[in-house]
Amino acid sequence: MPELPEVETVVRGLRPKLEGRRLTSVVQRCRALRFPLPRDFANRLTGRRVISIARRAKYILVHLEGEQVLICHLGMSGRMVVEQAGKGPRRPLEKHDHIIFETDRGDEIRFNDARRFGMMDLVAADQISAHKLLKGLGPEPLGNSFNGPYLAAALKGKRTPIKAALLDQKVVAGLGNIYVCEALYHAGCSPRRQAFTVQCGRAEKLARSIRDVLNRAIAAGGSSLRDYVQADGELGYFQHDWAVYGREGEACPGCDCGQTSGIRRLVQSGRSTFYCSARQR
DNA sequence: CATTGTTCCTGTCGGC
DNA sequence: TGCCGACAGGAACAAT
């Protein structure tokens, strides 16, 4: 499912297709995604030029002329499928192609989301920071303000496992289940450890692991998991670099504990956690 | 207030 | 082969 690196990959893929382009047609084919789409959604987008595309946490922010911003979240099965102009006949629309954008270059971008956990909203630019979905978000893990001291302060007093704390978008914005598992593994930090005990050196190491794993995933073009497709139709490759996620029963790649324990799975607040008990303390 | 549990949705997969 | 239940998961919301 799209976490920060996948969303970043989608944003980078969409930029050359959308930035500077006018939306000549927008078609809405369902009433609601995760939430009902705003009234007049397609009409309010049609004819507008795209100024720029940015990412905040797992949200895609499409800045449009007229001081409007299209906020998109891919949920867990959302994809942006590009049908390029001049590449022969377009494929027929699929069942879960919910929103269809067409540009003045003739490209078509289809938002497809089988599970409809995705969401879209259209708001005035000056309301972005106050938007319900965005206002509570913590810092960007790849931004300047995210570091060991920040993380230690954010975790101080948190009586919850570190796994759950890192999934909390108020602590740090953009991590999901996969990259939390991976970052904890690389930091040698047990997913069960109480968050408030991650201080000083541990927090430093964890912050660095989070940044490293995200940067590596972005460099690999995001991870592909079943229904995730990169914006340009190519698949990301980072899933091959997962150390622990989805690898229950396999040997731990980073230490020689493989024979005795290997990678285990446990369920924390309803989510699978993959970890190596020998390496993560 | 802090934290945990539930819910939304549908495709996929394992077991019988 | 076909059916059925379990599972996947982001984030809002409800419950504790």
Side-chain angles (χ1 to χ4, degrees), chain A residues 1-11 29-38 55-61 71-81 94-99 111-121 123 130-138 140-141 153-184 191-198 210 214 217 222-229 236 238-239 242 244-249 264-274:
Chain A
M1 68 309 320
E3 300 181 27
L4 186 152
E6 290 75 30
V7 177
E8 179 63 28
T9 302
V10 169
V11 164
R29 304 177 71 233
C30 65
R31 191 186 68 85
L33 298 171
R34 176 94 160 79
F35 304 109
L37 287 152
R55 179 190 58 73
R56 171 73 173 111
K58 300 173 200 173
Y59 293 91
I60 300 168
L61 304 178
I71 306 173
C72 303
H73 194 292
L74 299 173
M76 62 169 288
S77 59
R79 300 179 289 162
M80 294 288 186
V81 179
E94 291 182 15
K95 186 177 174 186
H96 300 294
D97 287 338
H98 300 307
I99 313 283
F111 175 73
N112 179 289
D113 184 9
R115 272 159 271 188
R116 266 191 282 133
F117 274 27
M119 48 189 113
M120 288 198 193
D121 199 3
V123 301
H131 193 276
K132 180 172 137 178
L133 297 170
L134 304 176
K135 68 179 177 197
L137 292 174
E140 286 288 322
L155 298 175
K156 196 174 174 194
K158 265 206 172 297
R159 311 196 69 82
T160 178
I162 184 66
K163 164 77 190 302
L166 293 181
L167 284 174
D168 182 348
Q169 304 295 300
K170 296 192 286 296
V171 171
V172 54
L175 298 179
N177 204 35
I178 294 171
Y179 293 105
V180 166
C181 290
E182 293 296 311
L184 286 170
R192 296 183 142 116
R193 174 178 280 278
Q194 284 291 293
F196 67 85
T197 70
V198 178
I210 288 167
L214 294 177
S223 303
S224 291
L225 186 59
R226 284 199 189 94
D227 41 17
Y228 167 72
V229 177
F238 192 72
Q239 70 272 21
W242 292 346
V244 289
Y245 188 83
R247 296 189 181 278
E248 182 180 14
R264 297 180 186 177
R265 184 178 82 98
L266 72 93
V267 175
Q268 294 177 291
S269 45
R271 298 261 180 292
S272 287
T273 300
F274 298 89

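Within every chain, numbering begins at 1; the chains are lettered A, B, ... in the order of the sequence lines, protein sequences first and strands thereafter.
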Legend entry - Toward the 5' end of DNA chain B, by each residue's nearest nucleotide, A/Ala164 or A/Arg271: A/Ala164
Legend entry - Charged N-O contact under 4.0 Å between A/Lys132 and A/Asp121: no
Inset, instruction - Report the nucleotide, chosen from C/dA11, C/dA8, B/dG11, that has the shortest atom-to-atom distance to any side-chain atom of A/Gln169. - result: C/dA11
Legend entry - Below 4.0 Å: OP1/OP2 of B/dT10 and any side-chain N or O of A/Lys95: no
Inset, instruction - Taking only the side-chain nitrogens and oxygens of A/Ser272, find out if one of them lies under 4.0 Å from OP1 or OP2 of C/dA8. - result: yes
Inset, instruction - Could you tell me whether the side chain of A/Arg29 and the main chain of A/Asp97 form a donor-acceptor pair under 3.5 Å? - result: yes
Inset, instruction - Report yes if a side-chain nitrogen or oxygen of A/Thr160 is closer than 4.0 Å to either non-bridging phosphate oxygen (OP1 or OP2) of B/dT4; otherwise report no. - result: yes
Legend entry - Approximate separation, where rounding is to 0.5 Å, of A/Glu182 CD and A/Leu175 CG: 12.0 Å
Legend entry - C/dG10 OP1/OP2 closer than 4.0 Å to side-chain N/O of A/His73: no
Legend entry - Side chains of A/Asn177 and A/Lys163, donor plus acceptor under 3.5 Å: yes
Legend entry - Distance in angstrom units between A/Asp168 CG and C/dG10 C1', rounded: 12 Å
Legend entry - Of the listed nucleotides B/dT3, B/dC9, B/dG11, the one nearest the side chain of A/Ala114: B/dG11
Inset, instruction - Report yes if a side-chain nitrogen or oxygen of A/His96 is closer than 4.0 Å to either non-bridging phosphate oxygen (OP1 or OP2) of B/dG11; otherwise report no. - result: yes
Inset, instruction - May I have the distance from A/His131 (atom NE2) to C/dA11 (atom C1'), rounded to whole angstrom? - result: 13 Å
Inset, instruction - Using a 4.0 Å heavy-atom cut-off across all strands, classify A/Arg116 as base, sugar-phosphate, or nothing. - result: sugar-phosphate
Inset, instruction - Report yes or no: does A/Arg55 contribute a side-chain atom to a donor-acceptor pair with the main-chain N or O of A/Ala57 at less than 3.5 Å? - result: yes
Legend entry - Integer-rounded Å distance: C/dA8 P and A/Trp242 CH2: 13 Å
Legend entry - Length of the line joining A/Leu175:CG and C/dA11:C1', which is rounded to integer Å: 14 Å
Inset, instruction - Before giving the answer on side-chain contact (heavy atoms from CB on, under 4.5 Å), spell out for A/Glu94 and A/Val81 the whole-Å C-alpha distance, their side-chain angles and the decisive distance to 0.1 Å. - result: CA-CA 11 Å; A/Glu94 291 182 15; A/Val81 179; over 6 Å; no
Legend entry - Pair A/Glu3 + A/Lys58: basic N to acidic O under 4.0 Å: no
Inset, instruction - Find the distance A/Lys170:NZ to C/dA11:C1' and express it as a whole number of Å. - result: 10 Å
Atom pairs under 3.5 Å, N or O on each side, protein against nucleotides 12-16 of chain C: can you list them with distances?
unit_1	atom_1	unit_2	atom_2	d
C/dC13	OP1	A/Lys132	NZ	3.2

Legend entry - Length of the line joining A/Leu167:CG and B/dT3:P, which is rounded to integer Å: 15 Å
Legend entry - Minimum side-chain heavy-atom gap A/Thr273-A/Arg264 below 4.5 Å: no
Inset, instruction - For A/Gly270, answer base if it contacts any base atom (sugar-phosphate contacts may also be present), sugar-phosphate if it contacts only those atoms, and nothing otherwise; contact means non-hydrogen atoms under 4.0 Å. - result: nothing
Inset, instruction - Return the value, rounded to whole Å, for the distance between atom CG of A/Asn112 and atom C1' of B/dC9. - result: 13 Å
Legend entry - Atom-to-atom span, CD of A/Gln194 to C1' of B/dT4 - whole angstrom: 13 Å
